[in-house]
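Notes follow the structure.
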2 protein chains.
Amino acid sequence: MNDKGTSVAKSKIEEFSQEESRLADIAKALSHPARIKILKILSEMDVCMCGEIVDLLPLAQATVSQHLKELKRVGLIQGDIEGPKTCYCINTNSINEAYSQIQNYFDTINKECKRSCKTNKK
Amino acid sequence: MNDKGTSVAKSKIEEFSQEESRLADIAKALSHPARIKILKILSEMDVCMCGEIVDLLPLAQATVSQHLKELKRVGLIQGDIEGPKTCYCINTNSINEAYSQIQNYFDTINKECKRSCKTNKK
DNA sequence: TTTCTTTATCGTATAATTGCGATGAACGAT
DNA sequence: ATCGTTCATCGCAATTATACGATAAAGAAA
């Protein structure tokens, strides 16, 4: 107890780590079925016009354009303007980097789970 | 062209697949640094009281409780009430299931990318 | 019983996301 | 130059997420 009658908390952290924030940001980009599907479509087509993607999704063109923008924001795809069209494709390096980050996260969790189980439940 | 002067679109899909929705839902649960950190904390502690988690995050107790609820919603953790306390722990099965789903998704994308590159750019 | 501790939930405020029609910019085709 | 196509952006509405103080419930401790 301290002088205010409240329990003494261990000092709280001020913010999240860069790794945690980046991972959350990647997850956010993947947190909508439309964006999950867009990446799948792009992987199958290599490159792809925006209009083709629109036709494969149950969403309006303006909405699809927004989802593409979000995927571009985190770097998972890139869009090159070709005249009136825009040619989208997967950024392979960025996808692999994101996947590594995710794998590292889950692998660490699994390893820690096993370790702490042994320690605590001996 | 059709009679309305617009280009004939291939029939649009009505909704997203269950797999796409589930994957997006998992990603949504991981789309906040607090929830990324909570899973890491739980993996290190095996089991953990809510209060301990609160002390390790830069957030109020009510907010942390909400994040725990979201993780519970998608099944990644479980919380067992022990008297006035609640004991949280990772749901190992659910985490592994989620990880498999994610791995399958990224592996498919990578495979398709290589295939379509060969096909299109021969 | 009364008090303390712990945690979920309520209420509320603010911000972010999602979705779409309308518009405009850029370009090719006529 | 005019028209048609393609796509990003704007403006708006509706929904959802985030955050936190206050409160309530449930039990432990006194």
Side-chain angles (χ1 to χ4, degrees), chain A residues 1-2 4-10 12 14-16 20-21 24-25 27-38 47-74 77-89, chain B residues 1-9 12 14-16 20-21 24-25 27-38 47-74 77-89:
Chain A
M1 289 291 198
N2 60 15
K4 289 189 187 115
T6 58
S7 69
V8 180
K10 307 91 207 165
K12 298 193 78 163
E14 289 305 310
E15 45 184 82
F16 297 105
E20 284 155 0
S21 297
D25 210 35
K28 188 152 74 73
L30 299 174
S31 71
H32 193 290
R35 298 196 286 269
I36 291 286
K37 181 146 190 179
I38 287 172
V47 293
C48 192
M49 299 304 130
C50 176
E52 302 181 79
I53 302 170
V54 171
D55 290 336
L56 294 169
L57 297 178
L59 296 168
Q61 182 267 322
T63 309
V64 172
S65 197
Q66 271 185 318
H67 285 304
L68 288 166
K69 192 179 179 182
E70 170 68 9
L71 287 171
K72 222 158 64 171
R73 183 186 65 79
V74 289
I77 67 173
Q78 57 190 104
D80 303 306
I81 297 168
E82 292 190 359
K85 302 185 178 185
T86 304
C87 179
Y88 283 99
C89 65
Chain B
M1 290 293 198
N2 61 13
D3 57 354
K4 290 189 187 114
T6 58
S7 68
V8 180
K12 300 193 76 164
E14 289 307 308
E15 47 184 85
F16 297 105
E20 284 154 0
S21 296
D25 210 36
K28 188 151 73 74
L30 299 173
S31 71
H32 194 291
R35 296 195 289 267
I36 291 285
K37 182 146 189 178
I38 287 171
V47 294
C48 193
M49 298 304 132
C50 174
E52 302 181 79
I53 301 171
V54 171
D55 290 337
L56 294 169
L57 297 179
L59 296 169
Q61 182 268 323
T63 309
V64 173
S65 197
Q66 272 185 318
H67 285 303
L68 288 166
K69 193 179 178 183
E70 170 67 10
L71 287 171
K72 223 160 61 172
R73 184 187 64 79
V74 290
I77 67 173
Q78 58 191 103
D80 303 305
I81 298 169
E82 291 191 357
K85 303 185 179 185
T86 304
C87 179
Y88 284 99
C89 66

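Throughout, protein chains are lettered first and strands after them, A, B, ... in sequence-line order, and every chain is numbered starting at 1.
- When the nearest nucleotides of DNA chain D are assigned to A:Lys85 and A:Lys69 by heavy-atom distance, the more 5′-ward of the two goes with A:Lys85.
- Residue A:Gln61 contributes atom CD, which lies 7 Å from atom P of D:dA8 at whole-angstrom precision.
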Problem - Summary of protein contacts for nucleotides 25-30 of chain D, nucleotide by nucleotide, where a base hit scores B, a sugar-phosphate-only hit scores S (4.0 Å, heavy atoms) - result: -BSS--
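- Among residues two or more places apart in sequence or in another chain, the side chain to side chain contact (heavy atoms under 4.5 Å, CB included) test is passed with B:Lys69 by none.
- The separation between B:Asp55 atom CG and C:dT6 atom P is 9 Å, rounded to whole Å.
- Following rounding to the nearest Å, A:Leu68 (CG) and D:dA8 (P) show an atom-to-atom distance of 7 Å.
- We find the NE2-OG1 distance between B:His32 and B:Thr63 to be 9.0 Å, quoted to the nearest 0.5 Å.
- Between the CE atom of B:Met49 and the P atom of C:dT7 there is a distance of 7 Å, given to the nearest Å.
- Contacts of A:Pro58 classified as side chain to side chain contact (heavy atoms under 4.5 Å, CB included), with partners at least two apart in sequence or in another chain: B:Ile13, B:Phe16.
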Exercise for the section: Treat primed atoms plus P, OP1 and OP2 as sugar-phosphate and everything else as base, then score nucleotides 13-18 of chain C 5' to 3': B for base contact with protein heavy atoms under 4.0 Å, S for sugar-phosphate contact only, - for none. Expected result: ----SB
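- Between atom CG of residue A:Leu30 and atom CG of residue B:Asp25 there is a gap of 13.0 Å, rounded to the nearest 0.5 Å.
- Counting to the nearest Å, the P atom of D:dA24 and the CD1 atom of B:Ile81 are 19 Å from each other.
- The side chain to side chain contact (heavy atoms under 4.5 Å, CB included) check on B:Glu15 picks up nothing, with sequence neighbours excluded.
- Dashed line: the shortest gap from a side-chain N or O of B:Ser65 to OP1 or OP2 of C:dA8 is under 4.0 Å.
- A:Leu57 places its CG atom 13 Å from the P atom of D:dC7, with the value rounded to the nearest Å.
- Whole-Å rounding puts the A:Gln78 CD to D:dC7 C1' distance at 18 Å.
- Distance check, rounded to the nearest 0.5 Å: OG1 of A:Thr86 to CG of A:Leu68 gives 9.0 Å.
- Residue A:Thr86 places no side-chain N or O under 4.0 Å from the OP1 or OP2 atom of D:dT6.
- Checking the phosphate oxygens (OP1, OP2) of D:dA8, a side-chain nitrogen or oxygen of A:Tyr88 falls inside 4.0 Å.
- Every residue was checked against the side-chain hydrogen bond (donor to acceptor under 3.5 Å, both in side chains) condition with A:Gln66, not counting sequence neighbours, and none meets it.
- A:Ala62 comes within contact range of at least one nucleobase, with a heavy-atom separation under 4.0 Å.
- The interatomic distance linking B:Asp80 (CG) with C:dA8 (C1') rounds to 15 Å, in whole Å.
- Annotation: side chain to side chain contact (heavy atoms under 4.5 Å, CB included) contacts of A:Ser65 (sequence neighbours excluded): A:Gln61.
- For the pair A:Leu57 and A:His67, the minimum side-chain heavy-atom distance is 4.5 Å or more.
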